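Data block below; observations after.
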Amino acid sequence: MLQKPRGTRDFLPDEMEARRHVELKLRDVARCYGYREVCTPEFEDLELFTMRSGEGIIEEMYVFEDKGGRKLALRPEITAAVIRMYINEAKVAPKPLRWCYFADCFRYERPQKGRYRQFWQFGVELIGADTAAADAETIMLASDMLNATGVRYELKVGHLSFMKNLVKDLEPAMQRRVRAHLDKKDYDGLNATLESLNRMDLAASLTALVNTRDLVEAFEIAGAIPEKERFEQTIGSLDAAGVKYSLNFGIARGLDYYTGMVFEGFAENLGAENQILGGGTYRLAHLFGGDDVASCGFAIGFDRVMVSLGDIQPAVVPVVGLVCTIEGRTRVLVVAKSLRDAGIRTEMDLMGRGLGAQLAHASKTANFAIVIGKREAESGQVTIKNLLTAEQKTVDLAAAIAEVRAFGPG
RNA sequence: GCCGGGGUGGGGUAGUUGGUCAUCCUAGAGGAUUGUGGAUCCUCCGACCCGGGUUCGAAUCUCGGCCCCGGCCCCA
(Lines give C-alpha, C1' and ligand atoms only; values in the text may rest on other atoms or scores of the structure.)
Protein backbone atom coordinates (compact mmCIF):
# COMPACT_ATOMS: atom_id res chain seq x y z
CA MET A 1 0.00 0.00 0.00
CA LEU A 2 1.22 3.48 -0.80
CA GLN A 3 2.12 5.58 2.16
CA LYS A 4 1.92 9.33 2.31
CA PRO A 5 5.25 11.14 2.18
CA ARG A 6 7.13 11.37 5.41
CA GLY A 7 6.12 14.20 7.68
CA THR A 8 2.83 14.86 5.89
CA ARG A 9 -0.64 14.21 7.23
CA ASP A 10 -4.11 13.35 6.01
CA PHE A 11 -6.96 15.23 7.59
CA LEU A 12 -10.36 13.57 7.92
CA PRO A 13 -13.53 15.67 8.06
CA ASP A 14 -13.68 15.88 11.86
CA GLU A 15 -10.17 17.22 12.03
CA MET A 16 -10.65 19.60 9.13
CA GLU A 17 -13.71 21.04 10.82
CA ALA A 18 -11.70 21.62 13.99
CA ARG A 19 -8.90 23.23 12.00
CA ARG A 20 -11.25 25.50 10.08
CA HIS A 21 -12.93 26.45 13.33
CA VAL A 22 -9.65 27.67 14.81
CA GLU A 23 -8.51 29.20 11.54
CA LEU A 24 -11.68 31.30 11.39
CA LYS A 25 -10.99 32.66 14.86
CA LEU A 26 -7.51 33.74 13.79
CA ARG A 27 -8.85 35.28 10.62
CA ASP A 28 -11.50 37.16 12.49
CA VAL A 29 -9.04 38.81 14.88
CA ALA A 30 -6.68 39.74 12.04
CA ARG A 31 -9.61 41.21 10.12
CA CYS A 32 -10.59 43.35 13.09
CA TYR A 33 -7.08 44.81 13.13
CA GLY A 34 -7.40 45.74 9.47
CA TYR A 35 -5.33 42.91 8.00
CA ARG A 36 -6.24 41.69 4.54
CA GLU A 37 -5.26 38.35 3.13
CA VAL A 38 -2.60 37.86 0.50
CA CYS A 39 -1.41 34.75 -1.29
CA THR A 40 1.99 34.00 -2.76
CA PRO A 41 3.22 31.02 -4.80
CA GLU A 42 3.73 27.67 -3.15
CA PHE A 43 7.23 27.61 -4.67
CA GLU A 44 9.66 30.39 -5.41
CA ASP A 45 13.11 30.88 -6.86
CA LEU A 46 15.54 29.21 -4.52
CA GLU A 47 17.43 32.48 -4.42
CA LEU A 48 14.61 34.20 -2.56
CA PHE A 49 15.35 32.07 0.46
CA THR A 50 19.11 31.75 0.19
CA MET A 51 19.49 35.53 -0.16
CA ARG A 52 17.86 35.96 3.13
CA SER A 53 19.15 33.03 5.09
CA GLY A 54 22.30 31.76 3.40
CA GLU A 55 23.12 28.61 1.44
CA GLY A 56 22.92 26.52 4.57
CA ILE A 57 19.16 26.38 4.49
CA ILE A 58 19.16 24.41 1.24
CA GLU A 59 19.69 21.35 3.38
CA GLU A 60 16.43 22.03 5.14
CA MET A 61 14.27 22.81 2.13
CA TYR A 62 12.53 20.98 -0.67
CA VAL A 63 14.65 22.16 -3.58
CA PHE A 64 14.10 21.09 -7.17
CA GLU A 65 14.79 22.03 -10.73
CA ASP A 66 11.92 22.52 -13.15
CA LYS A 67 11.92 21.46 -16.79
CA GLY A 68 13.40 24.79 -17.78
CA GLY A 69 16.34 24.26 -15.45
CA ARG A 70 15.20 26.86 -12.91
CA LYS A 71 16.22 26.26 -9.33
CA LEU A 72 13.10 26.41 -7.20
CA ALA A 73 12.15 25.66 -3.63
CA LEU A 74 8.91 24.91 -1.84
CA ARG A 75 8.49 27.84 0.51
CA PRO A 76 9.86 27.14 4.00
CA GLU A 77 8.13 30.27 5.33
CA ILE A 78 6.17 33.14 3.88
CA THR A 79 7.68 36.40 5.09
CA ALA A 80 10.32 36.56 2.37
CA ALA A 81 7.70 35.93 -0.31
CA VAL A 82 5.39 38.60 1.08
CA ILE A 83 8.17 41.17 1.01
CA ARG A 84 9.11 40.11 -2.51
CA MET A 85 5.48 40.57 -3.45
CA TYR A 86 5.39 43.96 -1.81
CA ILE A 87 8.35 45.09 -3.90
CA ASN A 88 6.93 43.59 -7.08
CA GLU A 89 3.36 44.78 -6.73
CA ALA A 90 2.70 47.23 -3.98
CA LYS A 91 5.61 49.56 -3.36
CA VAL A 92 3.49 52.65 -3.79
CA ALA A 93 0.48 51.47 -1.82
CA PRO A 94 -0.43 53.76 1.06
CA LYS A 95 1.46 52.86 4.22
CA PRO A 96 1.21 51.08 6.44
CA LEU A 97 0.22 47.86 4.72
CA ARG A 98 -1.46 45.26 6.84
CA TRP A 99 -1.27 41.87 5.18
CA CYS A 100 -1.97 38.42 6.52
CA TYR A 101 -1.80 34.89 5.16
CA PHE A 102 -2.75 31.38 6.12
CA ALA A 103 -0.76 28.91 4.09
CA ASP A 104 1.27 25.73 4.14
CA CYS A 105 5.06 25.69 4.22
CA PHE A 106 7.59 22.90 3.72
CA ARG A 107 10.77 22.04 5.51
CA TYR A 108 12.91 18.99 5.03
CA GLU A 109 13.45 18.12 8.67
CA ARG A 110 13.11 15.16 10.90
CA PRO A 111 9.47 14.97 12.01
CA GLN A 112 8.61 14.87 15.68
CA LYS A 113 5.83 16.07 17.93
CA GLY A 114 4.50 19.33 16.52
CA ARG A 115 6.97 19.27 13.65
CA TYR A 116 5.92 18.16 10.21
CA ARG A 117 7.40 18.54 6.76
CA GLN A 118 4.25 20.22 5.56
CA PHE A 119 2.86 22.61 8.11
CA TRP A 120 0.61 25.65 8.20
CA GLN A 121 1.43 29.14 9.32
CA PHE A 122 -0.91 32.00 10.03
CA GLY A 123 1.16 35.12 9.71
CA VAL A 124 0.83 38.87 9.49
CA GLU A 125 3.17 41.51 8.13
CA LEU A 126 2.85 45.19 8.95
CA ILE A 127 4.86 46.99 6.29
CA GLY A 128 6.03 50.57 6.36
CA ALA A 129 5.37 51.62 9.93
CA ASP A 130 8.52 52.21 11.95
CA THR A 131 7.18 53.24 15.35
CA ALA A 132 6.67 52.00 18.85
CA ALA A 133 2.94 52.05 18.16
CA ALA A 134 3.45 49.65 15.26
CA ASP A 135 5.54 47.30 17.37
CA ALA A 136 3.03 47.37 20.20
CA GLU A 137 0.03 46.83 17.97
CA THR A 138 1.68 43.83 16.36
CA ILE A 139 2.27 42.21 19.73
CA MET A 140 -1.27 43.02 20.79
CA LEU A 141 -2.56 41.35 17.66
CA ALA A 142 -0.46 38.27 18.33
CA SER A 143 -1.78 38.12 21.87
CA ASP A 144 -5.39 38.57 20.79
CA MET A 145 -5.08 35.92 18.11
CA LEU A 146 -3.63 33.31 20.42
CA ASN A 147 -6.21 34.19 23.05
CA ALA A 148 -8.97 33.71 20.51
CA THR A 149 -7.87 30.13 19.86
CA GLY A 150 -8.02 29.28 23.54
CA VAL A 151 -4.50 27.90 23.56
CA ARG A 152 -2.59 28.23 26.83
CA TYR A 153 0.72 29.94 26.17
CA GLU A 154 3.40 32.26 27.44
CA LEU A 155 4.43 35.38 25.50
CA LYS A 156 8.02 36.61 25.71
CA VAL A 157 9.07 40.02 24.45
CA GLY A 158 12.64 41.14 24.00
CA HIS A 159 14.91 43.39 21.99
CA LEU A 160 18.07 42.47 20.17
CA SER A 161 19.89 45.74 20.84
CA PHE A 162 20.52 44.91 24.47
CA MET A 163 22.64 41.91 23.74
CA LYS A 164 24.16 43.42 20.61
CA ASN A 165 25.30 46.41 22.60
CA LEU A 166 27.16 44.22 25.05
CA VAL A 167 28.99 42.24 22.36
CA LYS A 168 29.44 45.04 19.80
CA ASP A 169 33.24 44.97 20.15
CA LEU A 170 33.45 41.30 19.16
CA GLU A 171 33.88 40.01 15.60
CA PRO A 172 30.49 39.42 13.91
CA ALA A 173 31.08 35.68 13.85
CA MET A 174 31.86 35.70 17.55
CA GLN A 175 28.78 37.80 18.25
CA ARG A 176 26.65 35.14 16.63
CA ARG A 177 28.38 32.42 18.56
CA VAL A 178 27.84 34.18 21.87
CA ARG A 179 24.18 34.75 21.03
CA ALA A 180 23.79 31.10 20.10
CA HIS A 181 25.21 30.05 23.46
CA LEU A 182 22.84 32.37 25.28
CA ASP A 183 19.84 31.29 23.24
CA LYS A 184 20.45 27.73 24.37
CA LYS A 185 21.34 28.75 27.91
CA ASP A 186 24.67 27.04 27.31
CA TYR A 187 26.69 28.90 29.95
CA ASP A 188 29.64 26.50 29.86
CA GLY A 189 29.99 27.06 26.15
CA LEU A 190 29.60 30.78 26.66
CA ASN A 191 32.39 30.88 29.21
CA ALA A 192 34.64 28.81 26.99
CA THR A 193 34.09 31.14 24.05
CA LEU A 194 34.62 34.27 26.12
CA GLU A 195 37.70 32.81 27.68
CA SER A 196 39.21 32.05 24.28
CA LEU A 197 38.56 35.68 23.34
CA ASN A 198 39.97 36.88 26.61
CA ARG A 199 36.68 38.67 27.30
CA MET A 200 35.51 37.03 30.50
CA ASP A 201 34.53 40.50 31.66
CA LEU A 202 31.36 40.08 29.57
CA ALA A 203 30.24 36.85 31.18
CA ALA A 204 28.53 38.33 34.20
CA SER A 205 26.60 41.03 32.36
CA LEU A 206 25.52 38.71 29.53
CA THR A 207 24.24 36.14 31.96
CA ALA A 208 22.51 38.78 34.01
CA LEU A 209 20.87 40.26 30.90
CA VAL A 210 19.49 36.94 29.75
CA ASN A 211 18.07 36.24 33.18
CA THR A 212 16.55 39.58 34.04
CA ARG A 213 12.83 40.14 33.53
CA ASP A 214 12.97 43.80 34.42
CA LEU A 215 13.27 46.63 31.93
CA VAL A 216 15.10 49.09 34.18
CA GLU A 217 17.58 46.45 35.19
CA ALA A 218 18.12 45.47 31.55
CA PHE A 219 19.00 49.04 30.64
CA GLU A 220 21.43 49.18 33.56
CA ILE A 221 23.15 46.01 32.36
CA ALA A 222 23.24 46.78 28.65
CA GLY A 223 24.08 50.45 28.83
CA ALA A 224 22.86 53.10 26.43
CA ILE A 225 21.05 51.62 23.46
CA PRO A 226 19.75 53.87 20.72
CA GLU A 227 16.21 52.42 20.73
CA LYS A 228 15.73 52.95 24.45
CA GLU A 229 12.86 55.40 24.19
CA ARG A 230 11.01 53.45 21.51
CA PHE A 231 11.20 50.18 23.41
CA GLU A 232 10.02 51.87 26.59
CA GLN A 233 7.05 53.21 24.66
CA THR A 234 6.32 49.79 23.19
CA ILE A 235 6.37 48.17 26.60
CA GLY A 236 4.32 51.01 28.05
CA SER A 237 1.66 50.45 25.38
CA LEU A 238 1.54 46.73 26.08
CA ASP A 239 1.01 47.42 29.77
CA ALA A 240 -1.66 49.99 29.03
CA ALA A 241 -3.45 47.54 26.74
CA GLY A 242 -3.33 44.81 29.36
CA VAL A 243 -1.27 42.39 27.25
CA LYS A 244 0.14 39.51 29.27
CA TYR A 245 3.84 38.98 28.54
CA SER A 246 7.19 38.69 30.18
CA LEU A 247 10.41 40.38 29.19
CA ASN A 248 13.19 38.18 27.93
CA PHE A 249 16.41 39.55 26.50
CA GLY A 250 17.77 36.16 25.58
CA ILE A 251 15.53 35.80 22.52
CA ALA A 252 17.83 35.58 19.51
CA ARG A 253 15.33 34.70 16.74
CA GLY A 254 17.73 32.77 14.64
CA LEU A 255 18.97 34.90 11.80
CA ASP A 256 20.08 38.43 11.35
CA TYR A 257 17.28 40.18 9.56
CA TYR A 258 15.45 41.02 12.76
CA THR A 259 16.42 44.54 13.71
CA GLY A 260 15.08 45.27 17.16
CA MET A 261 12.00 44.18 19.03
CA VAL A 262 11.39 40.43 18.95
CA PHE A 263 8.79 38.21 20.56
CA GLU A 264 7.94 34.55 20.86
CA GLY A 265 5.06 32.48 22.17
CA PHE A 266 5.32 29.08 23.82
CA ALA A 267 2.49 26.66 24.41
CA GLU A 268 2.32 25.12 27.84
CA ASN A 269 1.58 21.51 27.03
CA LEU A 270 3.77 20.66 24.05
CA GLY A 271 7.03 18.74 24.03
CA ALA A 272 10.36 19.90 22.70
CA GLU A 273 8.70 21.79 19.85
CA ASN A 274 6.64 24.15 21.96
CA GLN A 275 7.16 27.44 20.15
CA ILE A 276 3.87 28.45 18.58
CA LEU A 277 4.67 32.00 17.58
CA GLY A 278 7.66 34.06 16.56
CA GLY A 279 8.10 37.53 15.21
CA GLY A 280 9.57 40.98 15.49
CA THR A 281 10.71 43.99 13.55
CA TYR A 282 12.81 43.35 10.47
CA ARG A 283 14.18 44.78 7.25
CA LEU A 284 14.25 42.57 4.18
CA ALA A 285 13.21 44.67 1.23
CA HIS A 286 16.72 45.85 0.37
CA LEU A 287 17.72 42.22 -0.17
CA PHE A 288 15.20 41.89 -2.97
CA GLY A 289 16.08 45.09 -4.72
CA GLY A 290 13.60 47.47 -3.19
CA ASP A 291 13.90 50.61 -1.17
CA ASP A 292 14.30 49.47 2.35
CA VAL A 293 11.18 49.47 4.41
CA ALA A 294 10.70 48.82 8.09
CA SER A 295 8.38 45.93 8.78
CA CYS A 296 7.03 44.06 11.74
CA GLY A 297 5.33 40.72 11.69
CA PHE A 298 4.92 37.30 13.15
CA ALA A 299 3.79 33.82 12.24
CA ILE A 300 1.76 31.40 14.30
CA GLY A 301 2.57 27.70 14.04
CA PHE A 302 -0.96 26.58 13.34
CA ASP A 303 -0.36 22.84 13.68
CA ARG A 304 1.25 23.26 17.06
CA VAL A 305 -1.69 25.32 18.23
CA MET A 306 -3.97 22.49 17.13
CA VAL A 307 -1.84 19.89 18.92
CA SER A 308 -1.86 22.01 22.04
CA LEU A 309 -5.61 22.53 21.94
CA GLY A 310 -6.22 18.80 21.69
CA ASP A 311 -9.70 17.54 20.88
CA ILE A 312 -12.19 20.25 20.11
CA GLN A 313 -15.91 19.74 20.48
CA PRO A 314 -17.37 19.93 16.99
CA ALA A 315 -20.01 22.55 16.40
CA VAL A 316 -23.55 21.24 16.60
CA VAL A 317 -25.29 21.83 13.29
CA PRO A 318 -28.67 20.56 12.15
CA VAL A 319 -28.59 17.72 9.67
CA VAL A 320 -31.66 16.25 8.00
CA GLY A 321 -31.76 12.67 6.83
CA LEU A 322 -34.51 12.19 4.27
CA VAL A 323 -36.29 8.86 4.48
CA CYS A 324 -38.68 7.72 1.78
CA THR A 325 -40.66 4.79 0.51
CA ILE A 326 -41.13 3.85 -3.11
CA GLU A 327 -44.23 6.05 -3.31
CA GLY A 328 -42.29 9.02 -1.98
CA ARG A 329 -39.32 8.76 -4.32
CA THR A 330 -40.36 11.58 -6.61
CA ARG A 331 -41.52 14.00 -4.00
CA VAL A 332 -38.48 13.47 -1.81
CA LEU A 333 -36.36 15.17 -4.45
CA VAL A 334 -38.57 18.25 -4.29
CA VAL A 335 -38.37 18.28 -0.51
CA ALA A 336 -34.59 17.86 -0.64
CA LYS A 337 -34.28 20.86 -2.92
CA SER A 338 -36.42 23.00 -0.63
CA LEU A 339 -34.36 22.06 2.40
CA ARG A 340 -31.08 22.70 0.63
CA ASP A 341 -32.33 25.99 -0.75
CA ALA A 342 -33.10 26.89 2.85
CA GLY A 343 -29.44 26.25 3.67
CA ILE A 344 -30.04 23.05 5.59
CA ARG A 345 -27.62 20.18 5.26
CA THR A 346 -29.74 17.41 3.80
CA GLU A 347 -28.84 13.84 2.95
CA MET A 348 -31.01 11.20 1.37
CA ASP A 349 -30.74 7.49 0.79
CA LEU A 350 -28.64 6.45 -2.16
CA MET A 351 -28.34 2.78 -1.26
CA GLY A 352 -31.83 1.58 -2.05
CA ARG A 353 -32.45 0.72 1.56
CA GLY A 354 -35.75 -0.02 3.17
CA LEU A 355 -37.47 2.45 5.44
CA GLY A 356 -36.16 0.95 8.67
CA ALA A 357 -32.61 0.81 7.41
CA GLN A 358 -32.82 4.37 6.15
CA LEU A 359 -33.94 5.51 9.56
CA ALA A 360 -31.21 3.52 11.24
CA HIS A 361 -28.66 5.24 9.04
CA ALA A 362 -30.18 8.64 9.64
CA SER A 363 -29.97 8.12 13.39
CA LYS A 364 -26.20 7.89 13.07
CA THR A 365 -25.67 10.78 10.70
CA ALA A 366 -28.48 13.29 11.29
CA ASN A 367 -30.44 15.08 14.01
CA PHE A 368 -33.74 14.98 12.15
CA ALA A 369 -35.39 12.47 9.88
CA ILE A 370 -37.99 13.69 7.46
CA VAL A 371 -40.14 10.88 6.16
CA ILE A 372 -41.78 10.99 2.75
CA GLY A 373 -43.94 7.94 2.23
CA LYS A 374 -47.17 7.16 0.48
CA ARG A 375 -49.20 9.15 3.01
CA GLU A 376 -46.99 12.25 2.79
CA ALA A 377 -46.82 12.04 -0.98
CA GLU A 378 -50.61 12.12 -1.10
CA SER A 379 -51.22 14.72 1.61
CA GLY A 380 -48.43 17.10 0.59
CA GLN A 381 -47.17 17.23 4.16
CA VAL A 382 -44.00 15.76 5.66
CA THR A 383 -43.34 13.72 8.78
CA ILE A 384 -40.47 15.15 10.78
CA LYS A 385 -38.86 13.15 13.55
CA ASN A 386 -36.41 14.49 16.07
CA LEU A 387 -33.90 11.68 16.29
CA LEU A 388 -32.75 12.60 19.77
CA THR A 389 -36.14 12.84 21.44
CA ALA A 390 -37.97 10.46 19.08
CA GLU A 391 -40.81 12.99 18.83
CA GLN A 392 -42.55 12.85 15.52
CA LYS A 393 -45.26 14.87 13.82
CA THR A 394 -46.73 15.39 10.40
CA VAL A 395 -46.71 19.04 9.31
CA ASP A 396 -46.29 21.33 6.33
CA LEU A 397 -42.80 21.50 4.86
CA ALA A 398 -42.44 25.13 5.93
CA ALA A 399 -43.08 24.17 9.54
CA ALA A 400 -40.55 21.36 9.31
CA ILE A 401 -37.92 23.75 7.95
CA ALA A 402 -38.65 26.16 10.80
CA GLU A 403 -38.19 23.38 13.34
CA VAL A 404 -34.87 22.33 11.85
CA ARG A 405 -33.66 25.91 11.81
CA ALA A 406 -34.54 26.33 15.48
CA PHE A 407 -32.20 23.48 16.32
CA GLY A 408 -28.96 24.49 17.94
CA PRO A 409 -26.64 23.79 20.82
CA GLY A 410 -28.29 23.82 24.23
C1' G B 1 22.19 13.28 10.04
C1' C B 2 22.15 10.84 15.36
C1' C B 3 19.81 8.00 19.81
C1' G B 4 15.67 5.18 21.87
C1' G B 5 10.65 2.80 21.35
C1' G B 6 7.35 0.93 17.74
C1' G B 7 4.52 -1.03 12.90
C1' U B 8 -1.12 -7.32 12.92
C1' G B 9 -8.24 -5.87 8.83
C1' G B 10 -10.62 1.31 8.38
C1' G B 11 -9.79 2.17 14.10
C1' G B 12 -8.33 -0.57 18.71
C1' U B 13 -6.12 -5.36 19.91
C1' A B 14 -4.55 -11.11 21.14
C1' G B 15 -0.73 -14.05 19.44
C1' U B 16 6.59 -13.47 19.34
C1' U B 17 10.74 -20.62 23.56
C1' G B 18 9.18 -20.53 14.96
C1' G B 19 4.35 -25.18 13.86
C1' U B 20 -3.85 -26.25 12.36
C1' C B 21 -8.00 -22.00 9.05
C1' A B 22 -4.12 -15.57 12.93
C1' U B 23 -7.96 -13.84 18.38
C1' C B 24 -11.45 -10.48 20.06
C1' C B 25 -13.89 -5.57 20.07
C1' U B 26 -15.43 -1.73 16.96
C1' A B 27 -16.58 0.39 12.25
C1' G B 28 -18.66 -0.87 7.23
C1' A B 29 -22.20 -3.98 3.93
C1' G B 30 -26.44 -7.39 3.99
C1' G B 31 -30.34 -10.09 6.57
C1' A B 32 -34.01 -11.56 10.59
C1' U B 33 -37.71 -6.78 9.82
C1' U B 34 -41.29 -3.48 2.49
C1' G B 35 -44.28 2.86 7.33
C1' U B 36 -40.28 4.00 11.85
C1' G B 37 -33.87 4.12 14.27
C1' G B 38 -30.37 3.15 18.52
C1' A B 39 -31.28 -3.37 21.34
C1' U B 40 -30.41 -8.53 20.02
C1' C B 41 -29.03 -12.47 16.76
C1' C B 42 -26.98 -14.24 12.02
C1' U B 43 -23.99 -13.61 7.49
C1' C B 44 -20.38 -11.03 4.73
C1' C B 45 -16.14 -7.73 4.05
C1' G B 46 -11.30 -6.94 5.76
C1' A B 47 -4.67 -7.39 8.33
C1' C B 48 0.75 -9.72 9.93
C1' C B 49 4.84 -2.27 6.67
C1' C B 50 8.27 -3.65 2.31
C1' G B 51 12.35 -6.65 0.55
C1' G B 52 16.39 -10.20 1.29
C1' G B 53 18.24 -14.27 4.57
C1' U B 54 17.93 -18.72 7.98
C1' U B 55 14.29 -22.95 8.03
C1' C B 56 10.60 -28.52 6.02
C1' G B 57 7.85 -24.21 7.94
C1' A B 58 8.51 -17.00 9.71
C1' A B 59 3.55 -12.29 12.28
C1' U B 60 7.38 -14.63 15.51
C1' C B 61 14.51 -15.25 14.41
C1' U B 62 18.07 -12.19 11.35
C1' C B 63 19.72 -8.13 7.90
C1' G B 64 18.44 -3.83 5.05
C1' G B 65 14.78 -0.23 3.80
C1' C B 66 10.24 2.62 4.58
C1' C B 67 6.98 4.88 7.96
C1' C B 68 5.14 6.36 12.99
C1' C B 69 6.14 8.07 18.21
C1' G B 70 9.60 10.49 21.77
C1' G B 71 14.29 12.97 22.17
C1' C B 72 19.07 15.28 19.95
C1' C B 73 20.71 18.64 16.05
C1' C B 74 18.32 22.52 13.67
C1' C B 75 14.31 25.72 13.80
C1' A B 76 14.61 31.09 8.66
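Every value quoted in this text rests on a predicted model; they were computed, and no experiment measured them. Naming convention: chains lettered A, B, ... in sequence-line order (proteins, then strands); numbering from 1 in each chain.
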Output yes when a side-chain donor or acceptor of A:Asn147 lies under 3.5 Å from a complementary backbone atom of A:Ser143, and no otherwise.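 A pair under 3.5 Å: yes.
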Roughly how far apart, to the nearest Å, are [N] and [M] at atom [atom1]?
| N | M | atom1 | result |
| --- | --- | --- | --- |
| B:G10 | B:C3 | C1' | 33 Å |
| B:C50 | B:C45 | C1' | 25 Å |
| B:G19 | B:C69 | P | 32 Å |
| B:C68 | B:U8 | C1' | 15 Å |
| B:G51 | B:C66 | C1' | 10 Å |
| B:C44 | B:A59 | C1' | 25 Å |

Any-strand Watson-Crick or G-U partner of B:C21, both distances under 3.5 Å: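 By the stated definition (distances under 3.5 Å), nothing pairs with B:C21.
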Base, sugar-phosphate or nothing for A:Glu59? Non-hydrogen atoms, less than 4.0 Å.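 The answer is nothing, as A:Glu59 stays clear of every strand by at least 4.0 Å.
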Using the benzene-type ring in the case of Trp, are the ring centres of A:Phe302 and A:Phe102 under 6.0 Å apart? yes
Using the side chain to side chain donor-acceptor pair (under 3.5 Å) definition, which of the options A:Asp130, A:Thr281, A:Thr131 pairs with A:Arg230? A:Asp130
Would you call the rings of A:Phe162 and A:Phe249 parallel, tilted or perpendicular if under 30° counts as parallel and over 60° as perpendicular? tilted
So does A:Asn88 have more than 12 non-hydrogen atoms from other groups sitting under 6.0 Å from CG?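 Buried by this count: over 12 neighbours within 6.0 Å.
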Taking everything shown except A:Asp292 itself, do over 12 heavy atoms lie less than 6.0 Å from its CG? yes
Position toward the 5' end of RNA chain B (nearest nucleotide), A:Pro76 or A:Lys113: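 The 5'-side residue here is A:Lys113.
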For A:Pro111 and for A:Arg304, locate the closest nucleotide of RNA chain B by heavy-atom distance; then report the residue assigned to the nucleotide nearer the 5' terminus.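 Nearer the 5' end of the strand: A:Pro111.
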Which of these nucleotides, B:C73, B:C67, B:G1, is closest to any side-chain atom of A:Arg110?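 Selected nucleotide (nearest to the side chain): B:G1.
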Going 5' to 3' along nucleotides 26-39 of chain B, which nucleotides have protein heavy atoms under 4.0 Å from the base (write B), which only from the sugar-phosphate (write S), and which from neither (write -)? --SSS----BBBB-
How many Å lie between [atom1] on [X] and [atom2] on [N], as a whole number?
| X | N | atom1 | atom2 | result |
| --- | --- | --- | --- | --- |
| A:Arg75 | B:C75 | CZ | P | 22 Å |
| A:Arg117 | B:C68 | CZ | C1' | 13 Å |
| A:Asp186 | B:C73 | CG | C1' | 13 Å |

